[in-house]
Amino acid sequence: MSTATIAHKTIEVDQEGFMKDHTQWNEDIARELAKLEGIDKLTDHHWSVINLMRREYKEKGDGPSIRRLTKESGVPIKELYQLFPKGPAKKAAKIAGIPKPTGCI
Amino acid sequence: MKKLVILGGGTAGTMMANKLWKALSNKEWKITIIDKETTHYYQPGFLFIPFGIYQKEDVIKPKKKFYPQDIDVLFIDIDKIEPDQNRVLLSDKQIIEYDYLIVATGSEIRPDEVEGMTGKLWRKSIFDFYTLEGSLALADFLEGWEGGRLVVNIAEMPIKCPVAPMEFAFLADAYFKRRGMRDKVDITFVTPLPGAFTKPVCSEVLAGTLEKRKIKVESEFAIGKIDNQKKKIISWDDREILFDLLVAVPTNMGSRAIQRSGMGDELNYIPTDRNTLQSKVWKNIFVIGDATDLPTSKAGAVAHFEGDVLFQNMIDVISGRTPSASFDGHSNCFIESGNGKAMLIDFNYNTEPLPGKFPLSVIGPFSLLEETAINHWGKMMFKWIYWNAIIKGRELPINSHMSMAGKKVPKTIKTAPA
């Protein structure tokens with residue numbers, strides 16, 4: 001485990017950069033984490049996915065898979081890949097400050 | 001009479017029927033096992049069929065041969081489970097009631113989940129090796145193939161036996177070398193994962209093994225569709241890979257009956273307590289093997305380890321106690337690497353596959369994460385163990401909980417007790 005200073009706040013992250021404590025998260029941290037992932041600006045569409053990730057995590061204790069993400073958010077898979085290039089479920093989880101979804105094993 | 005119903009009579013279901021039949025009095029218990037198919041497939045053997053190493057006869061036997069004599073066996077499709085009514089509806093409208101239910105309905109490939117996969121090239125230039133028909137068709141194709149671009153693609157995780165696609169690539173390399181045509185075949189391994197395997201240390205070792213064989217790796221490739229005209233696979237983020245032969249590992253999903261019952265997640269897997277193996281919703285329903293949503297490999301060896309835990313917990317629950325056994329996610333598998341060698345990996349929920357030795361009396365120790373001939377013989381011997389011990393529910397000299405004995409822990413890796 002290590003720590004990182006993001007948006008003037010010290011946060012704990014795991015080896016892959018996922019936040020260890022989702023309660024430390026705030027929207028400024030999300031914007032900074034997004035930049036580290038190569039996403040310069042978070043649009044409304046990004047935010048609706050990020051909020052869904054956090055909601056699912058709080059309800060179920062795990063972030064959703066891409067399949068679930070597209071089903072619940074109504075955002076087509078194609079667009080999810082445009083919003084969060086390479087791995088939408090993993091990348092959105094990282095920016096949302098929740099652990100890596102177990103579906104991404 | 002109390003009623004125990006087992007849905008699915010494959011690896012896990014057969015094993016549980018044998019274990020519980022021995023333990024439960026037939027004066028008090030009626031055991032019923034239900035499956036739509038009469039043939040038992042030795043699924044780990046499918047991998048060897050395309051290369052002519054195994055034939056059809058090696059991997060099929062009648063299911064009935066492995067069930068206890070005096071349990072009820074029904075070969076029929078399930079319509080759905082009605083868990084609130086404690087009953088199962090069959091496709092012929094029969095109603096089967098139960099006191100306890102074990103769901104072992106497995107998972108299956110769903111090529112229809114990828115756009116274009118079941119198009120005109122299906123089983124002509126696009127093959128799977130996760131069904132007997134698929135591996136036999138691929139064997140025929142390979143025999144007459146003169147070479148070109150071979151692409152091995154995993155559509156999405158999780159899949160049954162996550163190392164099988166890589167084993168396929170290793171065996172293909174050895175097969176084309178043996179036929180003196182390796183220079184005519186370009187092999188690319190295309191995966192949605194960031195590397196060769198799901199866990200870091202193992203992934204690194206396997207990446208080296210692939211490189212040594214000149215097998216290219218395309219990672220983080222999530223297939224969106226297949227272009228049958230131009231023979232290419234296209235990812236959701238518009239990367240394209242051309243193929244002459246596509247060996248596809250399609251999306252794996254749980255049984256459609258689970259979907260009809262409304263008991264599954266988006267892949268029809270049943271939310272299951274990762275330690276007790278009970279359904280998260282219905283306490284008289286246990287789930288085992290590929291049918292669960294547990295974050296561990298979908299493989300017969302895992303079902304075997306789960307079997308010991310489920311058995312104990314089932315006995316506890318029917319005796320009015322709380323479940324005392326806990327599953328640690330133990331998984332153990334040989335990875336065939338071609339030319340008579342194989343590797344062995346052993347891991348659980350918290351400890352990733354590590355190098356070292358795997359102690360086993362009589363024939364061991366096996367080397368972990370290292371290619372050796374004895375591992376290959378272990379893998380070949382497994383077929384005998386499978387037919388003669390595993391599905392019959394016999395004890396094996398391997399503990400159902402993972403052990404750290406013999407494992408070498410790299411300094412950078414953290415492990416936690418299960």
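Letters go in sequence order (proteins before strands), and every chain restarts at 1. This structure is a prediction, so every number in the text was calculated from the model and none was measured.
Atom NZ of Lys80(B) is surrounded by 12 or fewer heavy atoms from other residues, nucleotides or ligands within 6.0 Å. Counting heavy-atom neighbours within 6.0 Å of Lys408(B) NZ, excluding the residue itself, gives a total of 12 or less. Surrounding CD of Glu32(A) are more than 12 heavy atoms belonging to other residues, nucleotides or ligands, all under 6.0 Å away.
The side-chain heavy atoms of Lys86(A) and Pro194(B), taken from C-beta on, include no pair separated by under 4.5 Å.
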**Prompt:** Do Asp265(B) and Lys60(A) pass the side-chain contact (heavy atoms from CB on, under 4.5 Å) test, and can you show the C-alpha distance, the side-chain angles, and the key distance before you say yes or no?
**Reply:** CA-CA 12 Å; Asp265(B) 63 12; Lys60(A) 303 205 155 91; over 6 Å; no
**Request:** Verify salt bridge (charged side-chain N to carboxylate O under 4.0 Å, His left out) between Asp238(B) and Lys78(A), making sure each step is shown before the conclusion.
**Result:** CA-CA 9 Å; Asp238(B) 297 316; Lys78(A) 182 94 198 162; 2.7 Å; yes
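Within the model, atoms CG of Asp62(A) and CG of Asp293(B) stand 9.0 Å from one another, a figure rounded to the nearest 0.5 Å. Once rounded to the nearest 0.5 Å, the distance linking CD of Glu156(B) with OG of Ser65(A) reads 8.0 Å. Atom CG in Leu69(A) sits 10.0 Å away from atom CD in Glu266(B) (nearest 0.5 Å).
Neither the backbone nor the side chain of Ser219(B) comes within contact range of chain A; no heavy atoms are under 4.5 Å apart.
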